[in-house]
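Notes follow the structure.
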Amino acid sequence: MTDIAKPVLRFAPSPTGMLHIGGARTALFNWLFARHTGGKFLLRIEDTDRERSTPEAVAAIINGLKWLELDWDGEIVFQAARAGRHREVAEQLLASGNAYRCYATAAELDEMRAAQRAAGKPLRYDGRWRDRDPLEAPEGVPFVVRLRAPQTGETIIHDVVQGDVRFANEQMDDMVLLRSDGTPTYMLAVVVDDFDMGITHIIRGDDHLNNAARQMQLIKAMGWPEVIYGHVPLIHGPDGAKLSKRHGALAVEAYRDMGYLPETMRNYLLRLGWSHGNDEIIPTPQAIEWFNLENIGKSPARLDFKKLDNTNAHYLRETADMALADRVAAILAQATPPRTLSQTARERLIKAMPSLKERARTLVELAAAAEFLFSDGPRSLDEAAAKLLTEAAKASMGAFLATLADTEWTAHALEDKARVFAEQNGLKLGQVAQPLRAALTGHTTSPPIFAMLEVLGRDESLSRLRAYAI
RNA sequence: GCUCCCAUCGUCUAGCGGUUAGGACGCGGCCCUCUCAAGGCUGAAACACCGGUUCAAUUCCGGUUGGGAGCGCCA
């Protein structure tokens, strides 16, 4: 296969905000398709809006993609740097008669739209300069360059997700290509850059579907090859409304801080709008093998944190103990105030990790559940634990501790002792285990108690237990 | 207002004319069990509505309703 036959994809965010969940999914789909086909995945920053674009947002996008482990090919293209080339194309269009100068002022156009609105007519440029004799052009007055778009017939987008979408040309107006200050608009820049970058497939949000028709008109005016479009439905918030800052439209880094793993995000986002039969757990290598454009869904999806949690719990269990300990340490370091783990705490964390990770849905939960491992000495009891440690329970615990003198301090041996003790005293194992748990951890729930006794070691365990035993 | 898109359990989805409409998350029950999880079994839960087309519609077509997006010298 030659390079010509390889798809070239791109992710082209505008750096006016954070990389949110919708953008992340768009990036993921493009990336997966490129990796699946052996094509390329390029990154282009659409920073032509110099007023709203910020370096911070550029950094956020890059950091977000890096965290998600979506690597791009080649150098990042900054759209603003290509303004010269965009202008050059506009000049070509002007020369070929496919574009024209429009001298209408902003105020004039506002008035036009107001009138259209009042008359209940569609809001669009009325083409007042389209056929006007250039000789009538006012002297020294700024002008914009507009595309001389076809006014009859229709523009059809053969969308791989939505199917054929038809737009009557008469309902589209002549879009601005160059602003009156000579800078290119988004519409021009996108089409020119996609052509120059050799983009073959454009997978992007549904919100661009209408734009696709206009971009297609431009592509045709230039005689360039048509790209293949795939417009993915947008992701809605849990309440079905558009994603807002209040729910879901968080920077992907917020998901990192909430304790989700990047592999979780890739799996969850993939399933939000793409399917492979009944498969739910699809690790990235498998996703690369399976991904296609045909199975992208057509209807919008909502974010469901419960399912995200479940997916994360799965990947947590699959992750190596050491790696998880590092992630937990990173979460703790991000906390306010920042915390660092002592060497002892880290060793305990790693030893307890097998039973800890089986019980957590997020790294944050995991860190909280491991809290009792991080410092030494008797625990303060939470309400339920205090209630559980009755005088009788304390006495029973004291009696049990007295039987441990020569016991090997392993989970197995300790559990054996507890079972024998329970049987001899007519107790259930739980009646012995729960007071131990309360005294050892300060809580009524924890990973298996005998394993935790082993993790903490004889001295530390006894110090905690004796604080409550009678 | 105009244009475009969408519509299967609460949520994510499978389905591509004939199925007891399947799976997953969540929820209920049971089992397991030192707690909590995990795991196993199990229950409740959906084709928005109305017309066509067809021997037969969740599936194809049209409309209605309901969501969403766009309509800038923003991207």
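Since the model is a prediction, treat every value here as computed from it, not as a measurement. Numbered from 1 within each chain, the chains take letters A, B, ... in sequence-line order.
- Nucleotide B/A38 holds its P atom 14 Å from the CG atom of A/Leu366, rounded to whole Å.
- Using a 4.0 Å heavy-atom distance criterion, A/Gly297 is classed as making no nucleic acid contact.
- At a threshold of 4.0 angstrom between heavy atoms, the contacts of A/Ser299 are confined to the sugar-phosphate backbone, with no base atom among them.
- Of all nucleotides present, none satisfies the Watson-Crick or G-U wobble test against B/U19 with each distance under 3.5 Å.
- Judged by Watson-Crick or G-U wobble contacts below 3.5 Å, the nucleotide B/U3 has B/A69 as its partner.
- To the nearest angstrom, C1' of B/C2 lies 14 Å from CE of A/Met172.
- Here A/Ser180 lies in heavy-atom contact (under 4.0 Å) with a base.
- Among the nucleotides B/U3, B/C73, B/A69, the one closest to the side chain of A/Leu234 is B/A69.
- Counting to the nearest Å, the C1' atom of B/C12 and the NE2 atom of A/His236 are 14 Å from each other.
- Considering only side-chain N and O atoms, A/Ser275 lies under 4.0 angstrom from the phosphate OP1 or OP2 of B/A14.
- Each of A/Phe143 and A/Asp304 was assigned the nucleotide of RNA chain B with the nearest heavy atom; the assignment lying further toward the 5' end belongs to A/Asp304.
- Listed nucleotides B/C4, B/C34, B/A38 differ in distance to A/Arg317; the shortest reach to its side chain belongs to B/A38.
- For A/Phe33 and A/His201, the ring centers are positioned less than 6.0 Å apart.
- A cation-pi arrangement is present between A/Arg101 and A/Phe143, with the terminal nitrogen or guanidinium carbon under 6.0 Å from the aromatic centre and inside a 45° cone about the axis.
- If you take CZ of A/Arg82 and P of B/A75, they are 16 Å apart, rounded to a whole angstrom.
- Atom pair A/Phe421:CZ and B/C34:P shows a separation of 16 Å (rounding to whole Å applied).
- Residue A/Val144 is classed as a base contact, given a heavy-atom separation below 4.0 Å to a base.
- Nucleotides B/G40 and B/C25, compared at atom P, are 9 Å apart to the nearest Å.
- Salt-bridge annotation for A/Arg464 and A/Glu460: present, with a side-chain N of the basic residue lying under 4.0 Å from a carboxylate O of the acidic one.
- With both ends at atom C1', the span from B/C61 to B/G28 equals 42 Å, rounded to whole Å.
- At the heavy-atom level, A/Arg204 lies nowhere under 4.0 Å from the strands shown.
- Distance A/Tyr125 OH to B/U3 P: 22 Å, rounded to the nearest Å.
- Between B/C60 and B/G17, the distance separating the two P atoms is 8 Å to the nearest Å.
- Atom C1' of B/A69 sits at a distance of 37 Å from the matching atom of B/A56, rounded to the whole Å.
- Among the nucleotides B/C34, B/G68, B/A75, the one closest to any side-chain atom of A/Leu429 is B/C34.
- Among the nucleotides B/C4, B/C12, B/C6, the one closest to any side-chain atom of A/Leu209 is B/C4.
- Residue-level contact check: A/Arg113 touches the backbone only, with heavy atoms under 4.0 Å from sugar-phosphate atoms and none from bases.
- Nucleotides B/U58 and B/C16 place their C1' atoms 11 Å apart, quoted to the nearest Å.
- A/Ala104 comes within 4.0 angstrom of a base, heavy atoms only.
- Across the C1' atoms, B/U33 and B/A57 are found 50 Å apart, a figure rounded to whole Å.
- Within the shown strands, B/C31 is the pairing partner of B/G39 under the Watson-Crick or G-U definition, both distances less than 3.5 Å.
- Summarising the base pairing, B/A56 is matched to no nucleotide, lacking a Watson-Crick or G-U wobble pair whose two defining distances lie under 3.5 Å.
- Between the side chain of A/Glu280 and the base of B/G23, at least one donor-acceptor pair of N or O atoms lies under 3.5 Å.
- If you find the closest nucleotide of RNA chain B to A/Asp164 and to A/Pro13, the one lying nearer the 5' end belongs to A/Asp164.
- Between B/C34, B/G23, B/U35, one nucleotide has an atom nearer to the side chain of A/Thr445 than all others, and that is B/U35.
- Between the side chain of A/Arg379 and the backbone N or O of A/Gly442 there is no donor-acceptor pair closer than 3.5 Å.
- Side-chain proximity of A/Arg359 to B/A37, B/U3, B/A75: nearest is B/A37.
- Base contact: A/Pro448 has a heavy atom under 4.0 Å from a base atom.
- Of the charged side-chain nitrogens involved, none lies within less than 4.0 Å of a carboxylate oxygen, so that A/Asp193 and A/Arg10 do not count as a salt-bridged pair.
- Contacts of A/Glu358 with the nucleic acid, taken as non-hydrogen atoms under 4.0 Å apart, include base atoms.
- Counting to the nearest Å, the P atom of B/C4 and the CE atom of A/Met216 are 17 Å from each other.
- In the set B/G72, B/G67, B/G26, the nucleotide with an atom closest to the side chain of A/Asn310 is B/G26.
- The C1' atoms of B/G10 and B/C27 are separated by 10 Å, rounded to the nearest whole Å.
- The pair A/Glu365-A/Arg359 does not meet the salt-bridge criterion, since no charged nitrogen lies less than 4.0 angstrom from a carboxylate oxygen.
- For A/Asn278 and B/G22, a side-chain-to-base donor-acceptor distance below 3.5 Å is present, hydrogens and geometry of angles not being considered.
- In this structure B/A24 sits in a base pair with B/U11, meeting the Watson-Crick or G-U test at under 3.5 Å.
- For A/Asp279 and B/A24, a side-chain-to-base donor-acceptor distance below 3.5 Å is absent, hydrogens and geometry of angles not being considered.
- The distance between atom CG of A/Asp194 and atom C1' of B/A75, rounded to the nearest whole Å, is 13 Å.
- Nucleotide B/A48 has B/U64 as its partner under the Watson-Crick or G-U criteria, with both atom distances under 3.5 Å.
- Minimum interatomic distance between A/Asn292 and A/Glu294 (heavy atoms only, all atoms of both residues): CB-OE1, 3.2 Å.
- Checking B/C4, B/C34, B/C12 against the side-chain heavy atoms of A/Leu272 singles out B/C12 as nearest.
- Minimum atom distance to the side chain of A/Asn211 is reached by B/A75, of the listed B/C12, B/A75, B/C2.
- Note on A/Arg146: only backbone sugar-phosphate atoms sit closer than 4.0 angstrom, heavy atoms only; bases stay farther off.
- Side-chain contact annotation: A/Asp174 with A/Tyr100, donor-acceptor N/O pair under 3.5 Å present.
- Checked by distance alone, A/Lys298 brings no side-chain donor or acceptor within 3.5 Å of a matching partner on the base of B/C6.
- At the heavy-atom level, A/His208 lies under 4.0 Å from base atoms of the strands shown.
- Nucleic acid contact for A/Phe167: sugar-phosphate only, since backbone atoms but no base atoms lie under 4.0 Å from a heavy atom of the residue.
- Using a 4.0 Å heavy-atom cutoff across all strands shown, A/Pro447 reaches at least one base atom of the nucleic acid.
- For the C1' atoms, the distance linking B/U8 with B/G67 amounts to 16 Å, nearest Å.
- Within 4.0 Å (heavy atoms only), A/Thr48 reaches sugar-phosphate atoms of the nucleic acid but no base atom.
- No salt bridge links A/Glu358 with A/Arg317; every basic N to acidic carboxylate O contact stays at or beyond 4.0 Å.
- Salt bridge annotation for A/Arg214-A/Asp173: present, with a cationic side-chain nitrogen under 4.0 angstrom from a carboxylate oxygen.
- Comparing atom distances between the A/Arg437 side chain and each of B/U35, B/A14, B/G72 picks out B/U35 as nearest.
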